[in-house]
Amino acid sequence: MRRVKKAVALALSCAMLSGCGGSSKRDTSTFRFALAADITSMDSTVVDDTVSFDAIHAVTEGLMGLDKDGNTTNAIAKDYKVSADKKTYTFTLRDDAKWSNGDPVTANDFVYAWKRIIKNAGTYGYMFGSDGANIKNADQLILKGTNATDAELNTLGVKAVNDKTLTVELNAPVPFFADLMSFPCFYPINEKFAEKAGKKYATAPQYTLSNGAFVMTKWTKGKSADFEKNDDYYNKGVVKIKKLHMDLGIKPQSASANFDAKKIDYAEISTDLVDKYKNSKSFVDYNDGGLGYLEVNHKNKDLANLNIRKAISLAINRKSLCNDILKNGSTPANGFVPKGLSKAPNGKDFREVAGSYTDYNLKEAQAAFDQGLKELGKTNITLGLLYGSDENSSDKMAEYLETNLSKLKGLKIEMKATTFKDKIGNRMPQGNFDLVITAWGPDFEDPTTFLNLMNKGNSSNYGKYDNSKYISLMKNIQTESNVEKRYNYMLEAEKVAMEDYANIPLIDRGGSALQAEYVKGLIHKPVGVAYTFTYVDLN
């Protein structure tokens with residue numbers, strides 16, 4: 001079992017000051033939180049966006065959770081044991097864990113939920129297979145997806161021994177398995193409740209159950225969501241606030257105005273607001289942990305050309321993008337695994353060991369582009385640049401990339417603006433893009449959380465990158481038990497993909513927010529779920 005690292009969390013706490021948040025009349029019972037996007041669903045088996053994860057995490061706990069310092073700790077599981085070969089985990093569930101309808105949380109709730117995500121071909125179903133938890137028979141079942149029979153699903157390596165004992169069998173040891181158990185796709189679902197709700201499950205508060213710190217009481221889609229403290233939560237003593245309010249789909253400019261008017265306690269802000277607030281005591285910036293990158297559609301005949309992809313990468317001035325456009329703590333990406341995610345066996349950061357695969361050289365970019373056009377038998381090409389116009393700073397990034405790429409003679413960029421929901425829910429899964437500005441936040445502290453995205457068959461490999469050497473290296477990573485050999489395989493895999501320009505890294509993401517000075521205990525992690533509200537204290 002991997003040593004649980006101390007959370008890379010924001011120190012989101014400070015003394016209450018009279019100048020920020022008002023007088024004694026200030027409401028200390030409700031935490032008001034602004035988000036630029038909407039909740040897509042409260043069903044942990046279908047969502048794949050951070051806003052939905054934040055909301056689901058507020059009402060649901062898995063086998064493992066987070067303590068007040070952001071470290072992985074026991075949650076619904078009061079303890080667990082690992083076999084000598086590290087391939088079997090036995091979890092014992094808490095006797096006092098129950099759902100908000102009064103039902104006890106049972107081992108079957110996990111079995112049902114895990115089978116459900118595979119049966120529904122949920123985006124995060126891959127996390128159960130060799131790209132994640134490596135649970136026995138998961139890979140075969142993931143391939144079957146919606147065609148898997150109940151008998152076949154019963155072969156998944158998870159079993160409810162009794163109501164309070166859950167066993168999980170793995171194909172090979174997974175160093176970060178315990179941490180994975182705090183991620184939403186591994187959360188439990190009350191089978192009886194979900195089946196009765198049918199297609200309405202998790203679409204509204206009355207069709208949503210809680211076993212966590214809060215209960216959802218109201219959800220006006222595209223506008224707001226409200227939560228109240230769950231008095232049936234086994235750990236309710238640590239929950240200091242009575243209510244949690246989320247403003248959804250609110251633009252950063254509006255969120256910042258509401259913050260100034262003391263209507264919001266915390267709001268992420270966009271690039272164009274950084275200069276205005278950077279000297280304010282309420283301004284915080286943080287390591288997002290994510291990678292911003294251009295996903296390349298390898299089914300596009302022009303982008304299937306290596307030199308065209310190389311030219312696009314070389315034409316982007318990442319340093320200027322970070323320093324002059326974003327100004328939010330983001331730094332130039334040097335590879336597909338961000339800085340600060342994981343350390344090699346020798347203690348050095350993965351990025352330090354791997355080196356850099358990005359550069360800005362317009363002259364070399366043009367030479368590569370000219371060679372690519374020659375190989376294609378063309379004098380010019382047109383590529384669409386897809387982005388979510390409602391995402392923080394995405395429009396600024398898109399405009400900057402258009403400026404950079406348009407300097408390549410013979411290349412025309414067509415801007416394709418859409419919503420975040422349409423981008424990730426429709427266009428990317430359907431392969432309806434040439435280049436798309438996207439990002440990935442790490443699900444666990446291991447390079448494979450990023451490397452998996454370029455593996456053939458991964459549900460998030462929307463660009464359909466397919467390289468036999470890369471596939472072979474990823475298989476070696478999944479089965480190798482020697483730590484040093486496994487790390488070397490990961491280094492080699494990234495090298496193959498980056499020299500192939502499989503996708504084009506842009507930034508190691510940073511972020512900026514406004515946080516009222518009286519807010520304490522808000523956990524913001526760059527790995528896994530972004531925000532944990534359980535320990536928020538406004539006193």
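In this text the structure is predicted, and so the values were computed from the model without any measurement. Scope of the values below: all heavy atoms of this structure, side chains included, with no hydrogens, waters or symmetry mates.
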Check your understanding: Do we see a donor-acceptor contact under 3.5 Å between the side chains of S100 and S210?
Key -> no
Practice item. Verify the ring-centre separation between F214 and Y233: is it less than 6.0 angstrom? Key: no
Practice item. Could you label the plane-to-plane angle of the Y465 and H298 rings as parallel, tilted or perpendicular, counting under 30° as parallel and over 60° as perpendicular? Key: tilted
Review point. Which pairs count as salt bridge (charged side-chain N to carboxylate O under 4.0 Å, His left out) when at least one residue sits in residues 29-47, sequence neighbours excluded?
Key: R32-D265, D43-R116
**Study point:** Any donor-acceptor N or O pair under 3.5 Å, side chains N108, T106
**Key:** no
Check your understanding: Angle class for the Y89/F177 ring planes (parallel below 30°, perpendicular above 60°, tilted otherwise)?
Key -> tilted
Check your understanding: F128 and F186: aromatic ring centres closer than 6.0 Å?
Key -> yes
Review point. Can you list the residues that meet the side-chain contact (heavy atoms from CB on, under 4.5 Å) rule with D395, with sequence neighbours excluded?
Key: Y387
Review point. Do we see a donor-acceptor contact under 3.5 Å between the side chains of N101 and D103?
Key: yes
Check your understanding: Residues in side-chain hydrogen bond (donor to acceptor under 3.5 Å, both in side chains) with N503, at least two apart?
Key -> none
Exercise for review: Specify whether Y80 and F91 have parallel, tilted or perpendicular ring planes, treating 30° as the upper limit for parallel and 60° as the lower limit for perpendicular.
Suggested key: tilted
Let me check something: any side-chain donor-acceptor pairs from residues 424-437 under 3.5 Å, sequence neighbours excluded? List them with distances.
residue: N426; atom: ND2; partner: D422; partner atom: OD1; Å: 2.9
residue: R427; atom: NE; partner: D422; partner atom: OD2; Å: 2.8
residue: D434; atom: OD1; partner: N300; partner atom: ND2; Å: 3.0
residue: D434; atom: OD2; partner: G384; partner atom: N; Å: 2.8

Exercise for review: Specify whether F33 and Y266 have parallel, tilted or perpendicular ring planes, treating 30° as the upper limit for parallel and 60° as the lower limit for perpendicular.
Suggested key: parallel
**Study point:** Centroid separation Y293 to F336 less than 6.0 Å
**Key:** yes
Exercise for review: Using side-chain contact (heavy atoms from CB on, under 4.5 Å) as the criterion, list what pairs up with K98, not counting sequence neighbours.
Suggested key: D232
Review point. Listed by chain and number, what are the side-chain contact (heavy atoms from CB on, under 4.5 Å) partners of T146, not counting sequence neighbours?
Key: A121
